[in-house]
Amino acid sequence: MGRDRDEMKDITLLGNQNTKYNYGYNPAVLETFDNKHPDNDYWVKFNCPEFTSLCPITGQPDFATIYISYVPDIKMVESKSLKLYLFSFRNHGDFHEDVVNIIMKDLIKLMNPRYIEVWGKFLPRGGISIDPYANYGHPGTKFEQLAWERFKQHDMAGMDKVDNR
């Protein structure tokens with residue numbers, strides 16, 4: 001069962017051969033489409049191994065893999081728009097912790113997922129790496145409890161072990 005053109009009318013970037021890349025932070029580029037399976041709970045996961053942003057103090061580039069996992073509700077993020085959004089951080093200066101929280105909050109505002117988590121695995125600079133993790137579960141639902149449980153167990157005993165270094 002495919003999607004008809006009317007369902008896809010709000011997706012303007014996918015298949016566009018004349019894509020314009022934003023070199024500054026731009027959440028407006030994000031697009032959504034309807035979840036065809038809102039009666040199911042399921043994970044959608046994105047890995048962006050070539051993420052870059054800038055240190056807000058030195059202006060030096062910071063490199064990371066950004067992991068985004070979410071359980072959709074009514075809306076889902078379109079992947080090309082997500083790629084362009086993440087690319088828009090290229091010349092954006094913010095601390096690693098801020099970047100992860102900004103991404104999560106922008107995606108919550110965009111699609112109001114049942115659950116979402118964003119994990120940044122930044123490569124070492126100056127001899128130290130920083131791996132911020134943020135999550136959110138829709139209040140008053142089982143996903144609020146899921147958020148707390150995953151937060152408590154994050155990066156413990158291999159539960160979310162990701163090694164990109």
Side-chain angles (χ1 to χ4, degrees), residues 1 3 7 10-11 25-56 62-90 92-165:
M1 182 165 121
R3 295 182 183 271
E7 288 179 301
D10 294 329
I11 296 178
Y25 167 69
N26 184 13
V29 73
L30 288 166
E31 295 182 343
T32 63
F33 60 94
D34 290 337
N35 177 7
K36 288 181 74 171
H37 309 282
D39 52 328
N40 293 349
D41 292 333
Y42 62 98
W43 288 101
V44 177
K45 296 185 176 191
F46 295 101
N47 300 327
C48 179
E50 298 174 348
F51 180 85
T52 57
S53 60
L54 298 177
C55 172
D62 291 315
F63 301 92
T65 297
I66 300 292
Y67 299 93
I68 301 167
S69 301
Y70 75 99
V71 178
D73 194 8
I74 304 302
K75 294 290 185 184
M76 301 176 70
V77 65
E78 191 279 315
S79 61
K80 183 173 182 181
S81 76
L82 179 62
K83 178 183 84 166
L84 294 172
Y85 165 74
L86 293 172
F87 182 85
S88 81
F89 279 87
R90 174 61 188 95
H92 179 75
D94 244 326
F95 292 118
H96 304 342
E97 301 85 350
D98 297 321
V99 167
V100 164
N101 279 282
I102 289 166
I103 291 168
M104 185 182 74
K105 289 176 181 179
D106 284 346
L107 291 172
I108 290 169
K109 183 178 177 183
L110 176 75
M111 59 182 172
N112 193 25
R114 294 174 186 170
Y115 175 83
I116 189 167
E117 56 190 36
V118 179
W119 188 2
K121 304 256 318 165
F122 286 81
L123 293 174
R125 194 157 59 78
I128 190 168
S129 65
I130 302 173
D131 295 346
Y133 171 86
N135 74 356
Y136 163 87
H138 200 272
T141 70
K142 63 186 178 183
F143 297 101
E144 183 176 31
Q145 184 62 33
L146 173 65
W148 177 239
E149 291 302 320
R150 288 195 52 96
F151 188 82
K152 286 191 312 187
Q153 296 298 316
H154 175 70
D155 211 13
M156 303 297 287
M159 179 183 146
D160 288 314
K161 184 96 174 116
V162 178
D163 189 3
N164 68 326
R165 296 186 185 84

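Start at 1 with the first residue, then count along the sequence. Here the structure is a predicted model, which is why all the values come from computation and not from measurement.
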Derivation and outcome, side-chain contact (heavy atoms from CB on, under 4.5 Å), residues Thr141 and Arg114 = CA-CA 8 Å; Thr141 70; Arg114 294 174 186 170; 6.0 Å; no
query = Is there side-chain contact between Ile74 and Asn112, with heavy atoms separated by less than 4.5 Å?
reply = no
task = Might you work through the side-chain contact (heavy atoms from CB on, under 4.5 Å) test for Arg90 and Leu54, ending with a clear yes or no?
result = CA-CA 7 Å; Arg90 174 61 188 95; Leu54 298 177; 3.6 Å; yes
ask   = Strictly by modelled atom types, are Gln145 and Glu149 linked by a side-chain donor-acceptor pair under 3.5 Å?
value = yes
task = Walk me through it: do Met76 and Tyr70 pass the test side-chain contact (heavy atoms from CB on, under 4.5 Å)?
result = CA-CA 9 Å; Met76 301 176 70; Tyr70 75 99; 3.4 Å; yes
task = Would you check if Asn26 and Leu84 make a side-chain contact, meaning some heavy-atom pair closer than 4.5 Å?
result = no
ask   = If you round to the nearest 0.5 Å, how far is OH of Tyr136 from CD of Glu144?
value = 8.5 Å
request  = Flag the pair His138 / Asp73 as yes when at least one side-chain heavy-atom distance between them is below 4.5 Å, and no otherwise.
outcome  = no
query = Which heavy-atom pair separates Val100 from Val118 by the least distance, and what is that distance?
reply = CG1-O, 3.4 Å
inquiry  = Return the CG to OG distance between Asp62 and Ser129, rounded to the nearest 0.5 Å.
reply    = 11.5 Å
key: Separation of Leu123 CG from Thr65 OG1 (nearest 0.5 Å)   = 6.5 Å
message = Less than 4.5 Å apart, side chain to side chain, heavy atoms only: is that true for Cys55 and Arg125?
response = yes
request  = Decide yes or no for Phe143 and Asp41: does some side-chain heavy atom of the first lie under 4.5 Å from some side-chain heavy atom of the second?
outcome  = yes
key: Closest non-hydrogen atom pair between Ala147 and Gly137, with its separation   = CB-N, 3.5 Å
request  = To the nearest 0.5 Å, tell me how far Met111 CE sits from Phe33 CZ.
outcome  = 9.5 Å
query = Does some side-chain heavy atom of Pro132 sit less than 4.5 Å from a side-chain heavy atom of Phe122?
reply = yes
task = Can you spot which of Thr32, Ile102, Leu82 makes a side-chain contact (heavy atoms from CB on, under 4.5 Å) with Leu107?
result = Leu82
query = Do Pro72 and Val44 come close enough that some side-chain heavy atom pair is under 4.5 Å?
reply = yes
ask   = Does the side chain of Lys75 reach to within under 4.5 Å of the side chain of Leu110, using non-hydrogen atoms?
value = no
query = Just how far is it from atom NZ of Lys105 to atom CG of Asp98, taken to the nearest 0.5 Å?
reply = 9.0 Å
note = Checking Val99, Asp94, Asp106 against Tyr25 for side-chain contact (heavy atoms from CB on, under 4.5 Å), the one that qualifies is Asp106
inquiry  = Asn135 vs His154, test: side-chain contact (heavy atoms from CB on, under 4.5 Å). Steps then yes/no.
reply    = CA-CA 10 Å; Asn135 74 356; His154 175 70; over 6 Å; no
Aromatic ring pairing Phe89/Tyr85, orientation class (parallel under 30°, perpendicular over 60°, tilted between) = perpendicular
query = Is the Trp119 ring parallel, tilted or perpendicular to the Tyr67 ring (thresholds 30°, 60°)?
reply = tilted
key: Distance (rounded to the nearest 0.5 Å) between Glu31 CD and Ser79 OG   = 10.5 Å
